[in-house]
Amino acid sequence: GFLRRKVCVLIIGLDNSGKTTLVANFLHPPPPSLPQKNFDSNNTDNASPAPSLPSTSQPASHPPIVPTVGFSLDRFNYQNLHITVFDMSGQGRYRPFWEHYYGDADGVVWVIDSSDAVRISVAREELWRTLAHGEIKHRTPAAPVLVFANKADLSGAMTAAECTAALGLDAIRDRNWNIVPSCAITGQGVAKGLDWLASELS
Ligand code: GTP
Ligand code: MG
């Protein structure tokens, strides 16, 4: 056998962005049979109707996902990694707890609701508050940041380029970062994001 490298990943972002739904995907990737939507291109060709998601709006055969209280801890294997993931609540009253886990974070997954153009400015503030925190800023090696532009399935969702601009990601100079559009319900984009993070952490 071979030993997996143990890493800690912190998953943060505003409430309702889809963090816990993404973690459910990390733990139990769904079969690739759900409707797929091309959210990497800016096509204005709306000839084919957007596929509709399962009416439950939850990954099949999982317990219902409810807003996280405090945080929840999960572990899963991915490629050569054994990942401990801290799924933090994004509600305002719990955000002050995030910083207690910064020192342990080998990698950060930042989740935004890319269909929420109103709150993306709040997400930008919180993201930069995280990046400026001493436990993140002065950690070696620098923790890579993966941004999931989640809810990319919703009509009117901002593209990755629009989210990059709205969050000011191009100004991140002290670490590697990436942004990947995702739909946490179908799992679309999740493997692409995790593959990047795994290669950063390997
Ligand atoms: P907190 O725990 O409160 O911080 O929220 P969270 O970020 O963990 O969000 P959660 O995973 O609980 O998802 C919030 C809602 O968004 C749920 O109703 C999910 O089903 C829905 N949701 C999550 N991801 C997606 C997505 O990619 N597309 C769509 N359409 N809905 C999503
Ligand atoms: Mg949650």
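One is the number of the first residue; the rest follow in order along the sequence. Whatever order the structure lists them in is the order used to number ligands and atoms, beginning at 1.
The proximity of Thr20 to ligand 1, defined as any non-hydrogen pair under 4.0 Å, involves the side chain as well as the backbone. Looking at Asp113 against ligand 1, nothing comes within 4.0 Å, counting heavy atoms. Of all the heavy atoms of Ile65, the ones lying under 4.0 Å from any atom of ligand 1 belong exclusively to the side chain.
Ligand 1 lies within reach of Asp153, whose nearest heavy atom is under 4.0 Å from it.
Donor-acceptor pairing under 3.5 Å is recorded for the side chains of Thr20 and Asp87.
Close contacts between ligand 1 and Leu154 involve ligand atoms 30 (N) [criterion: under 4.0 Å to a heavy atom]. Using a 4.0 Å cut-off to heavy atoms of Thr21, the atoms of ligand 1 that qualify are 10 (P), 11 (O), 13 (O), 19 (C), 23 (C). Near Pro67, meaning under 4.0 Å from any of its heavy atoms, are these atoms of ligand 1: 2 (O), 3 (O). With ligand atoms numbered from 1 in the order given, ligand 1 contributes 4 (O) to contacts under 4.0 Å with heavy atoms of Ser89. Each of the following atoms of ligand 1 lies closer than 4.0 Å to a heavy atom of Lys19: 1 (P), 4 (O), 5 (O), 6 (P), 7 (O), 8 (O), 9 (O), 11 (O). Residue Thr68 has at least one heavy-atom neighbour below 4.0 Å for each of these atoms of ligand 1: 1 (P), 2 (O), 3 (O).
Contact annotation: Thr20 places an N, O or S atom under 2.8 Å from the Mg ion (ligand 2). Distance check for Thr68 against the Mg ion (ligand 2): an N/O/S atom falls below 2.8 Å.
For an aromatic pair to be called close, the ring centres must be under 6.0 Å apart, and Trp98 with Trp110 satisfies this. In this structure, Tyr94 has its ring center at least 6.0 angstrom away from the ring center of Phe71.
Among Leu73, Val85, Thr68, the one residue that satisfies the side-chain contact (heavy atoms from CB on, under 4.5 Å) test with Val23 is Val85.
Selection from Leu14, Asn16, Val66, Ile12 by nearest heavy atom to atom 1 (P) of ligand 1 gives Asn16.
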